[in-house]
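Since this is a predicted model, take the numbers as computed values, not measurements. Sequential numbering from 1 along the given sequence is applied to the chain's residues.
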Amino acid sequence: MLMGCDMATLEQFLRRGELGPIRPGMTESEVKEVLGPPSIWSNGKVHLMAYGALQLAFVHHSGAAEGELEEIGLRFIPECAASIEAPPPPVWPLEDFDALSARTTFDDFRKFLDRVGLSKDADADSQVREEEMQVLFIPPASWITFHGDRLFSIHFFDSAPPKKQISLSVSEDTLNQLKKLARQSKKSVSAICAEWIAQRANELQYAPEGVGSRE
């Protein structure tokens, strides 16, 4: 069942992943009925649909005819600079933050969180500042990334698992290599390490017995 023409707000997006009429769990057909044909379409393991700076990822569940919307993102990056000013009207501009753009600063965003009562929910332990990247996690599943002091992207993951922090030690040479990779990929060092650890853990979980063991 499709939704009406709700006004999109950043607060609802951060809290529940709702971006106007777009909500997690919608099928690909439902999204296209609301927003029209996407400007970019990728039919890989995860189906991706892009409407300018609006990025949507769909996951197919067993027995389902279509993928269900699992990740909703707004990307404020140079290649999206022209289109971020006018994503599909049903989701833009945001009623409670109509000036949201790549010029939005970290402090501007924190002031907004204060105004809507989300600052107390922001996970301080998940706020990292490394090199030029800053990442802020707002439970249950919102990630806001800044490049330097400017807004880079906002994502909501419908099935994002709870995050826990760990600490580890690496050599100075390894750390310098990680920082270089982080700059190239426009991610934080923490984000890169978390991705690699999660990928390796999944590989070992389903690997034949003995694989990966040094015994």
Side-chain angles (χ1 to χ4, degrees), residues 3 5-24 35 50-57 69-165 179 182-183 185-194:
M3 301 77 184
C5 296
D6 302 335
M7 292 295 292
T9 69
L10 180 57
E11 180 182 0
Q12 288 182 334
F13 183 36
L14 295 175
R15 289 185 185 276
R16 299 188 292 274
E18 299 173 358
L19 198 57
I22 303 303
R23 291 166 168 78
L35 301 181
Y51 295 84
L54 175 64
Q55 314 285 313
L56 307 174
L69 182 56
E70 186 172 79
E71 177 186 343
I72 304 172
L74 287 168
R75 304 181 69 199
F76 301 85
I77 56 179
E79 51 265 41
C80 292
S83 57
I84 190 58
E85 303 301 335
V91 301
W92 197 263
L94 300 177
E95 186 177 24
D96 56 350
F97 203 144
D98 59 359
L100 192 71
S101 72
R103 296 178 293 277
T104 299
T105 67
F106 186 88
D107 287 340
D108 291 336
F109 206 92
R110 290 308 299 256
K111 289 177 182 177
F112 169 80
L113 296 180
D114 288 338
R115 178 161 59 85
V116 298
L118 276 171
S119 283
K120 64 181 183 301
D121 297 321
D123 189 343
D125 289 338
S126 296
Q127 180 184 327
V128 295
R129 298 193 180 207
E130 294 172 349
E131 292 296 297
E132 297 180 345
M133 301 300 292
Q134 303 181 61
V135 180
L136 183 64
F137 172 60
I138 299 179
S142 294
W143 289 86
I144 304 96
T145 305
F146 296 82
H147 187 239
D149 190 48
R150 305 292 175 171
L151 183 61
F152 185 78
S153 65
I154 306 174
H155 285 84
F156 184 93
F157 297 88
D158 188 37
S159 61
K163 302 293 181 181
K164 298 294 183 182
Q165 284 195 319
K179 289 179 178 179
R183 288 193 295 269
S185 62
K186 296 189 181 300
K187 296 180 179 180
S188 69
V189 172
S190 292
I192 290 176
C193 291

Considering only heavy atoms from C-beta outward, does the side chain of [X] approach that of [Y] to under 4.5 Å?
X: Phe13; Y: Val91; value: no
X: Leu10; Y: Val116; value: no
X: Leu19; Y: Trp92; value: no
X: Arg110; Y: Leu136; value: yes

- Query: Is there a side-chain contact (heavy atoms from CB on, under 4.5 Å) between Arg103 and Asp108 once you walk through the steps?
  - Reply: CA-CA 10 Å; Arg103 296 178 293 277; Asp108 291 336; over 6 Å; no
- Message: Nearest 0.5 Å, please: how far is CE in Met7 from CG in Leu94?
- Response: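 Answer rounded to 0.5 Å: 9.0 Å.
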- Distance in Å, Ile138 CD1 paired with Phe156 CZ, rounded so as to fall on 0.5 Å steps: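 Interatomic distance, Ile138 CD1 to Phe156 CZ, rounded to 0.5 Å: 11.0 Å.
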Does [Y] offer a backbone N or O that forms a donor-acceptor pair with the side chain of [X] under 3.5 Å?
X: Arg23; Y: Glu18; answer: no
X: Glu70; Y: Pro24; answer: no
X: Gln55; Y: Gly52; answer: yes
X: Asp149; Y: Thr105; answer: no

How far apart are the closest heavy atoms of [X] and [Y], and which atoms are they?
X: Pro90; Y: Ala8; result: O-CB, 4.2 Å
X: Leu14; Y: Leu113; result: CD1-CD2, 3.8 Å
X: Arg15; Y: Pro140; result: O-CD, 3.5 Å
X: Glu11; Y: Phe112; result: N-CZ, 3.8 Å
X: Thr9; Y: Glu95; result: CG2-OE1, 3.8 Å
X: Ser142; Y: Phe137; result: O-CD1, 3.2 Å

- Going through the distances and angles, do Leu54 and Ile72 end up as a side-chain contact (heavy atoms from CB on, under 4.5 Å)? CA-CA 7 Å; Leu54 175 64; Ile72 304 172; 4.1 Å; yes
- Give me the one residue out of Val135, Leu74, Leu151 that meets side chain to side chain contact (heavy atoms under 4.5 Å, CB included) with Ile144.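 Running side chain to side chain contact (heavy atoms under 4.5 Å, CB included) over Val135, Leu74, Leu151 with Ile144 returns exactly one hit, Leu151.
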- Please say which of Phe152, Phe76, Phe106 ends up in a ring pair (Phe, Tyr, Trp, His ring centres under 6.0 Å) with Phe146.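 Among Phe152, Phe76, Phe106, the one meeting ring pair (Phe, Tyr, Trp, His ring centres under 6.0 Å) with Phe146 is Phe106.
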